[in-house]
Every structure is written in structure tokens, then in C-alpha cells.
Amino acid sequence: MTTSRTSYVPPHLRNRPPSADPAPISHSGAAVGNGYLGYGGAPSAGFRSVGHRDGQIGGGGGAWNNRSNGWDRGMAREANPFGDDVDTDPGFGALENTGINFDAYDDIPVETSGINVPPPVNTFAEIDLGEALNLNIRRCKYTKPTPVQRYAIPISIGGRDLMACAQTGSGKTAAFCFPIISGIMKGGQSAASPARSPRIACPLALILAPTRELSIQIHEEAKKFAYQTGVRVVVAYGGAPVNMQLRELERGVHILVATPGRLVDLLERARVSLQMIRYLALDEADRMLDMGFEPQIRRIVQQMDMPPPGIRQTLLFSATFPKEIQRLATDFLSSYVFLAVGRVGSSTDLILQRVEYVHETDKRSHLMDLLHAQRASGDQGKQTLTLVFVETKKGADSLEHWLCFNGFPATTIHGDRTQQEREYALRSFKSGKTPILVATDVAARGLDIPHVAHVVNFDLPNDIDDYVHRIGRTGRAGKTGLATAFFNENNSSMAKPLAELMQEANQEVPAWLSHFAAQSSYGGRNRGGAGGRFGGRDFRRDPSANRGGMDMYGVGQMNGGYGGATNVASAWD
DNA sequence: AAAAAAG
């Protein structure tokens with residue numbers, strides 16, 4: 001059980017100040033006795049009962065965590081996700097600047113609604129997240145919480161369900177990971193219903209994401225937050241060999257990050273049980289609940305063995321949240337708080353949005369012009385990454401070939417490529433080896449790719465929310481970004497919402513686009529996700545939305561929920 | 001109609 005591995009903290013040194021910590025990070029004053037009932041720096045001692053043997057079934061907790069061998073080996077082996085050299089570790093550098101420009105945060109509009117909303121905090125120290133997690137927060141160089149974190153963390157710590165609208169890059173992942181990790185540490189191991197077999201993994205938290213790459217990214221980030229907390233994070237997604245993922249699950253899992261398809265597969269194989277779930281988080285929640293995903297999500301959340309709303313805690317996050325989707329989401333929530341954080345940087349100051357009228361047949365040559373101009377003006381040596389969005393997978397392949405043929409190193413990511421190719425393409429793009437990435441909407445949401453200077457909407461999406469997500473891939477890390485859209489007759493349905501969005505973001509709207517917008521009979525008003533200064537608005541506050549939804553809503557809320565407009569802050573009015 | 005997500 002004992003080992004000389006430097007990352008292992010022997011039991012007698014646990015709960016000790018930093019001298020016991022092998023990580024090459026200078027830190028001071030790690031307090032002892034932080035209220036975690038024996039957790040401190042390496043809380044594994046608090047999780048398992050001592051003296052169990054390998055493979056022993058039954059007892060106090062989920063099947064795996066009685067197996068002290070597996071557990072301690074896991075602890076000993078836990079790789080330092082921060083790397084030994086901060087300066088040369090790209091992963092760390094990326095996390096260090098998750099698009100957080102604190103100077104831009106002072107006048108960010110924030111709105112909450114719901115009953116008894118826990119008040120926001122101004123510092124991480126105000127919340128008792130635990131010493132191990134606090135140390136990781138310092139390692140991440142998060143000095144103070146972002147707006148979404150200031151509000152979402154106390155709400156989650158307070159045990160409330162949450163529907164949060166906040167731009168990706170505003171610290172969303174941490175906003176739902178911190179409370180989950182902290183809650184798992186505090187709660188210790190529930191003694192309830194052990195699994196039937198040690199081969200069934202029983203995670204306490206489930207984080208679902210709409211793409212494989214996003215689930216990978218969340219997993220990487222969550223591992224940093226959970227480092228040496230004793231909380232194990234495992235990822236499961238399709239397109240990759242299942243055996244490795246199964247082995248990881250067998251070694252124990254507190255937090256499972258997954259895409260829906262692979263999770264359903266694992267549930268059907270009875271390799272995962274959701275009976276112990278205490279936290280459910282949906283990232284890009286509006287996408288997860290839209291037509292393509294809804295049946296799978298309902299299956300996972302409502303038709304397996306997951307505890308119902310009110311028993312588990314549910315956290316929904318997205319940059320956009322259309323009203324129809326909000327209404328759907330109430331099925332998964334109990335007396336929830338709605339939180340909207342104004343767009344930070346992304347579609348306001350930091351991203352310069354341009355729309356150019358380009359005929360379908362001229363798109364390639366026009367893109368070429370842009371790339372030539374960019375190449376001419378750009379600082380040589382500095383990598384300027386360009387992300388080009390197209391509508392179809394075939395279109396992505398053909399544009400990639402054409403760009404390469406014309407001397408622009410490009411690669412592509414879309415759902416017809418193998419997972420290996422997808423991950424290679426993303427790495428190749430991030431590293432600057434192929435500074436142009438042609439992508440379908442698989443790359444539109446959530447991916448944090450530093451140094452993307454230019455997002456080109458070669459084909460505009462049909463949904464303004466998708467546009468918001470796409471351009472959000474640039475203007476990150478406090479840097480400015482450029483978003484260029486090619487517009488023509490085929491996109492006339494987008495004219496109005498696009499013009500309105502750009503106007504709200506104080507962007508210059510070309511006269512011809514306004515003309516298109518005026519002609520267009522399509523709506524674009526109050527599309528829920530895109531309207532106003534916020535990333536969204538609580539549909540419970542919309543009279544027209546409530547007319548149909550109120551009954552269902554009133555019944556669905558266990559604590560009475562939102563009882564009309566009378567007892568709620570009126571900042572909206 | 002398209003994209004994503006299981007094999």
C-alpha cells in the first residue's frame with residue numbers, strides 16, 4: 001500500500017501543511033482542520049474504510065471504493081495535471097487564461113430570479129471549498145471568481161438547482177466543477193445502496209456534454225480542479241476504444257464526464273449505474289435538450305436509475321437558452337434559480353464582427369483574399385489561428401483540400417472523421433502546425449482554443465444561437481478577435497437576428513444587411529438566447545411563455561417555485 | 001437539409 005512515489009501523500013502526512021505536498025508549487029498557510037472532517041490535503045482517508053481487501057463487495061459505499069488497493073493505487077498514480085514546468089506546459093498555459101478579462105467585468109450585468117436566491121460572493125475565500133481545492137484554484141492562478149462563478153458557486157453550494165446563461169470562456173466549467181468537487185469531499189461517501197457488483201461504476205456526479213472534444217476538455221479541466229482532493233474524474237466518449245474507459249471506471253469514479261451515446265452504451269452494458277448520482281450537470285444545456293439529443297438525455301436522466309430532481313442537484317449551463325428549451329428543462333429541475341450573466345467580451349467589445357456580402361460562387365476566392373491579407377499583415381512567427389465554419393462535412397473536406405492545394409496549411413474536424421483524426425486535427429491546429437481549421441458545428445460550442453484570432457463563417461448557420469457560439473471561439477483570453485461572416489441570399493432568414501445581435505454588440509451593421517433584415521419576414525426577436533444584454537432571460541418572467549407553461553411549472557416545482565411575478569426582484573422591469 | 005452522438 002505504501003509507495004515512494006513522490007505524488008503519494010502517506011496517511012500520517014495527510015492534513016499537513018504544505019511541507020507534505022510534493023507539488024512544485026509554492027504556497028503558504030494551508031490550514032489544518034478546515035472543516036472537511038479529515039480530508040485536508042489528501043482526503044482519501046476519509047473515503048474508504050480501512051482494512052478492506054481487493055475486490056470486496058458490499059460494505060459502506062459504491063462498489064469500487066471499498067477496494068483500497070485500487071483506490072490507493074489511483075491516488076499514488078494521479079498524474080500532476082499542472083505539469084512540473086508551468087512555462088512549458090501548454091495545457092497549463094491554456095487554463096491559466098480561460099478568456100477571463102477581469103477589467104471588463106466591472107459593469108457586467110447579472111440577473112437572477114427564483115425563490116430565496118443565495119447571495120453572490122466576491123472571493124473564493126468566502127466559500128469554504130476546502131484546502132485541497134483552494135490550492136488547485138491558486139495553481140490555476142484564479143485570483144478572484146468571475147461573475148458567473150460569484151453567483152453560481154454559492155447557489156450550487158446552497159444545494160439549489162440552477163439554470164445559468166453565461167458565455168463560454170467566462171469560467172463556466174469551474175462554476176459547476178467547484179461545487180461538485182467540494183460537495184463530494186464534504187459529503188464523504190454515502191452509505192446508501194452499494195452496487196451489486198464491483199464492475200459497476202457508481203459515480204456521484206455526471207457531467208454531460210454534446211461533443212467528444214468538449215467532454216475531453218471538461219475532463220482535463222476537472223482533473224486540475226480535483227487534483228489531490230481524492231475526487232476521481234473519469235471521461236467516457238464514443239469513437240475511442242471502450243476498454244481503456246472501462247478500466248478507468250473500474251478504478252473508481254466520483255465524477256463521470258461523458259457524451260450521451262457512450263454513456264447509454266455503458267448503462268446498457270451495466271458497467272455504470274446512476275443510482276448514486278447526487279449532481280447532474282449539463283454543459284451546453286440548450287444543445288443537450290434540443291431535438292437531436294433530447295430523447296437520449298431523457299433516457300439517461302429519467303428512464304434509468306438516476307435519483308429524481310429534488311434528490312439530486314441539477315446544474316444547467318449554456319451561453320444561450322431559448323425559451324422553448326427552458327420550458328423543456330423544467331422537467332429536470334426542482335425549484336431552480338435562473339442566472340444570466342451579461343456577455344463578457346465575446347460578442348461585445350473583444351470581438352469585431354463583420355458581415356460581407358459574398359455570392360456562393362465567390363466564397364473560396366474571397367476567403368483566399370482574406371487569408372492573403374492576413375498573412376501579409378500578420379506578425380510572422382506569431383501564430384494567428386483561423387477557424388473556418390462550414391455547413392456540411394463534405395464541404396469541410398473539400399474546402400480543406402482546396403486550401404492546402406493553394407498553399408494554406410489547413411486541416412478539418414467534423415463527424416465523418418475518425419476520433420483519432422479529429423483529435424489530431426485539433427492538436428495540429430492548436431499547435432499552429434496547420435493554422436487553419438475548417439470545421440462543422442462540432443467545433444462551435446465550448447471548445448477553448450487559445451490564439452484563435454479569426455473566425456470565418458464561410459457558411460452562416462441557420463440559427464443565431466449557433467452564430468453566437470461559433471464567434472465565441474475567438475476573443476478569448478482577454479485578446480481581441482475578429483469574426484467575419486459571408487452572407488448572401490441563402491442566409492436571408494439570418495439577416496434580422498444577425499443585424500439585431502450586431503447592433504446590441506455595438507457593431508457596425510452594413511446598410512445592405514439592414515435592408516435585408518427589413519425585407520425579411522422571419523423573426524429574430526426575443527429568440528430567448530440571443531436577445532438583450534444577457535445571454536438569456538428566465539422564461540418564467542415572460543408572460544406569453546407563462547401562459548402555456550405556468551400550470552406545468554407550478555406542478556413541477558417541489559418548493560412552490562416561482563409563484564408569479566410578485567415576490568421577485570424587478571430588475572427586469 | 002445538416003450536424004452531433006454507439007458500434
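Lettering follows sequence order; numbering is per chain, from 1.
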- Note on the structure: From CG of A:Asp465 across to P of B:dA3 the rounded distance in Å is 19 Å
- Item | Nucleotide nearest A:Lys393 when distance is taken to its side chain, options B:dA1, B:dA5, B:dA4 | B:dA4
- Query: Is the A:Phe317 to A:Phe176 ring centre distance short of 6.0 Å?
  - Reply: yes
- Look at the side chain of A:Thr392 and decide which nucleotide, out of B:dA2, B:dA1, B:dA4, has an atom nearest to it. B:dA2
- Item | Residue list, salt bridge (charged side-chain N to carboxylate O under 4.0 Å, His left out) with A:Glu356, at least two apart or on another chain | none
- Rounded to whole angstroms, how far apart are CD on A:Gln296 and C1' on B:dA3? 13 Å
- Message: Would you say A:Arg417 places a side-chain N or O within less than 4.0 Å of OP1 or OP2 belonging to B:dA3?
- Response: no
- Tell me: OH of A:Tyr467 to P of B:dA3, nearest whole Å? 21 Å
- Between B:dA1 (P) and A:Met494 (CE): distance, integer Å: 20 Å
- A:Phe321 ring center near A:Phe539 ring center (under 6.0 Å): no
- Task: For A:Val442, answer base if it contacts any base atom (sugar-phosphate contacts may also be present), sugar-phosphate if it contacts only those atoms, and nothing otherwise; contact means non-hydrogen atoms under 4.0 Å.
- Result: sugar-phosphate
- Item | Length of the CG-C1' vector between A:Leu214 and B:dA3, whole Å | 15 Å
- Message: With a 4.0 Å limit, can you tell me whether A:Thr440 has a side-chain N or O closer than that to the phosphate oxygens OP1/OP2 of B:dA4?
- Response: yes
- Reckon A:Gly415 touches a base, only the sugar-phosphate, or nothing at all at heavy-atom distances under 4.0 Å? sugar-phosphate
- Message: For a quick test of reading the model: is some side-chain N or O of A:Arg212 closer than 4.0 Å to OP1 or OP2 of B:dA4?
- Response: no
- Any side-chain heavy atom of A:Leu385 sitting closer than 4.5 Å to one from A:Leu387? no
- Note on the structure: note: A:Glu284, atom CD; B:dA3, atom P; distance rounded to Å ~ 19 Å
- Sorted by chain and number, sequence neighbours left out, side-chain hydrogen bond (donor to acceptor under 3.5 Å, both in side chains) with A:Arg269 holds for A:Asp265
- Item | Nearest-Å distance for atom pair CG/P, residues A:Asp441 and B:dA5 | 12 Å
- Message: I need the NZ-C1' distance between A:Lys394 and B:dA1, as an integer number of Å.
- Response: 13 Å
- Message: At 4.0 Å (heavy atoms only), tell me whether A:Arg269 reaches a base, stays on the sugar-phosphate, or touches nothing.
- Response: nothing
